[in-house]
Amino acid sequence: MSYAPWYLQANKLKYTFGADSDLVLGEVEETNGEHTIHIRTNNGEKAIALQTILAQSHNGLRVAVTHLDGSPYIGLLPPPRTAAEFLTLAGRALQGHPYFVQGQEIHSGAGLIFSKTIVQFPYGGLGRPPFTFFNAIVADAFKDVISQYSDFAIAYATSP
């Protein structure tokens, strides 16, 4: 059986970042075979941080962060070079998020700590039987949608 990886990636975004009341995640749009999900917010600081830390294209899904009216934010930052830079951006992107507990520097890089929460949603996709679900600890789902960096490691954990 197969599934559309962009569909699963979109659902991971919806069930992680979509829980943030500052964000509105739209449906996946297809244009010329390219799949895009729009994340809309009027919080400019959060938008620029999101544009910087989210994987901009992963598993065939492109991520676009825009104003609520659909106009683009200008000012994409360069990728963080250190764990401290990443934690500053992650703190802005996750500020007020109900699943986010804290970020901290650790010996190997950056650590993001999330609440003990399970996300569950239908897999969807092609050829999957009905009622097939994706289940994950929320920290693992965030790991799948946030960019990875070669200069430092990012650890994802659950609060005790």
To the nearest 0.5 Å, tell me how far [X] [atom1] sits from [Y] [atom2].
X: T82; Y: E105; atom1: OG1; atom2: CD; answer: 7.0 Å
X: Q51; Y: Q56; atom1: CD; atom2: CD; answer: 6.5 Å
X: D140; Y: K12; atom1: CG; atom2: NZ; answer: 9.5 Å

Side-chain contact test, heavy atoms from C-beta onward, threshold under 4.5 Å: evaluate it for [X] versus [Y] and give yes or no.
X: I137; Y: I118; answer: yes
X: L94; Y: F17; answer: yes
X: L13; Y: L61; answer: yes

| query | Going through the checks in order, is the side chain to side chain contact (heavy atoms under 4.5 Å, CB included) test met by N42 and H67? | reply | CA-CA 5 Å; N42 276 339; H67 289 274; 4.1 Å; yes
Of all the heavy-atom pairs spanning [X] and [Y], show the shortest one and how long it is.
X: Q95; Y: K46; result: O-NZ, 2.8 Å
X: A83; Y: A110; result: CB-N, 3.8 Å
X: P79; Y: Y149; result: CB-CE2, 4.0 Å
X: A90; Y: I53; result: CA-CD1, 4.1 Å
X: R40; Y: G70; result: NE-CA, 4.0 Å
X: S115; Y: S159; result: CA-OG, 3.8 Å

| request: Check the pair L112 / L87 against side chain to side chain contact (heavy atoms under 4.5 Å, CB included), numbers first and verdict last. | output: CA-CA 8 Å; L112 296 178; L87 287 169; 4.0 Å; yes
Quick check: does any side chain N or O of [X] sit under 3.5 Å from a backbone N or O of [Y], one acting as donor and the other as acceptor?
X: H97; Y: T16; value: yes
X: Q9; Y: D144; value: yes
X: Q102; Y: F100; value: no
X: T66; Y: P72; value: no

| What residues join I113 in its hydrophobic cluster, counting side-chain heavy atom gaps under 4.5 Å, either direct or through other members? |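 I113 clusters with V101.
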| Any donor-acceptor N or O pair under 3.5 Å, side chains T41, N43 |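 The answer is no; no qualifying pair exists.
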| Chi angles and distances behind the side chain to side chain contact (heavy atoms under 4.5 Å, CB included) call for D20, Y99 | CA-CA 9 Å; D20 187 330; Y99 299 153; over 6 Å; no
| query | Thinking salt bridges, do E27 and K14 make one under a 4.0 Å N-O criterion? | reply |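 Salt bridge between E27 and K14, a charged N being under 4.0 Å from a carboxylate O: yes.
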Verify same cluster id: [X], [Y] (apolar side-chain graph, 4.5 Å):
X: L54; Y: L8; answer: yes
X: F152; Y: Y156; answer: yes
X: F86; Y: L77; answer: yes

| request: Look at the aromatic rings of F114 and F142 and report parallel, tilted or perpendicular, splitting at 30° and 60°. | output: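 Parallel: the ring planes of F114 and F142 meet at under 30°.
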| request: With sequence neighbours excluded, give me every salt bridge (Lys or Arg N to Asp or Glu O under 4.0 Å) pair touching residues 79-90. | output: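 Only R81-E85 qualify under salt bridge (Lys or Arg N to Asp or Glu O under 4.0 Å).
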